[in-house]
Amino acid sequence: MIAALPELGESLRAARKRRFPRDDLAAFALRIGVSRSTLQKMEKGDLSVTIGKYYRAGEILGLAETFDGLLRPVESLFDARAL
């Protein structure tokens, strides 16, 4: 999962630029209620930033529903429950 954090940060940055193209880091940070430096960390996938801050950014970007599936196990035909 830690290896996925830089990708999450890159996705956040791309979504921010697509949804709010005129926002700089400071403006978007204000929208999500974090400091500019925290947003910079988020866009780098820094492990020290809480998942709640990423979720808030997802809400503002209209992507919060993607968080719903993060901790759901994927069922397969070989699962005991599926038999």
Side-chain angles (χ1 to χ4, degrees):
M1 176 62 180
I2 293 174
L5 288 174
E7 186 177 335
L8 177 64
E10 290 172 18
S11 296
L12 171 60
R13 183 174 188 260
R16 169 180 64 86
K17 289 183 172 242
R18 191 172 41 254
R19 176 75 170 86
F20 298 102
R22 294 187 175 153
D23 276 12
D24 60 7
L25 281 171
F28 189 71
L30 186 62
R31 284 184 194 273
I32 63 173
V34 300
S35 68
R36 183 179 179 277
S37 63
T38 297
L39 179 56
Q40 284 179 308
K41 289 178 183 180
M42 291 169 70
E43 290 189 353
K44 290 179 182 176
D46 191 306
L47 187 60
S48 70
V49 180
T50 65
I51 193 70
K53 289 181 175 55
Y54 285 100
Y55 185 81
R56 178 66 181 142
E59 285 181 318
I60 297 299
L61 293 166
L63 302 170
E65 71 278 355
T66 60
F67 281 84
D68 291 342
L70 286 177
L71 299 176
R72 291 188 185 166
V74 176
E75 290 188 21
S76 76
L77 293 174
F78 302 104
D79 269 343
R81 293 182 291 163
L83 299 176

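Just so you know, these numbers use all the heavy atoms, side chains as well, and skip hydrogens, waters and symmetry mates.
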Under a 4.0 Å threshold between the charged nitrogen and the carboxylate oxygen, would R56 count as salt-bridged to E59?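 A salt bridge links E59 with R56.
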In Å, rounded to the nearest 0.5 Å, how long is the span from [atom1] of [X] to [atom2] of [Y]?
X   : Y   : atom1 : atom2 : answer
L5  : K44 : CG    : NZ    : 14.0 Å
K41 : K53 : NZ    : NZ    : 10.0 Å
M42 : S37 : CE    : OG    : 11.5 Å
Y55 : I32 : OH    : CD1   : 14.0 Å
L39 : D24 : CG    : CG    : 9.5 Å

Take atom CD of E65 as the centre, draw a 6.0 Å sphere, and report whether it contains more than 12 heavy atoms from other residues, nucleotides or ligands.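 More than 12 within 6.0 Å, yes.
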How close do F20 and I60 get, heavy atom to heavy atom, and via which atoms?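 Taking F20 first and I60 second, the nearest heavy atoms are CE1-CG2, 3.8 Å.
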State, yes or no, whether a side-chain contact exists between L12 and L61 at a heavy-atom distance under 4.5 Å.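 Counting from C-beta outward, L12 and L61 do come under 4.5 Å.
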Residue pair L25 / R16, side-chain heavy-atom distance below 4.5 Å: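 In contact.
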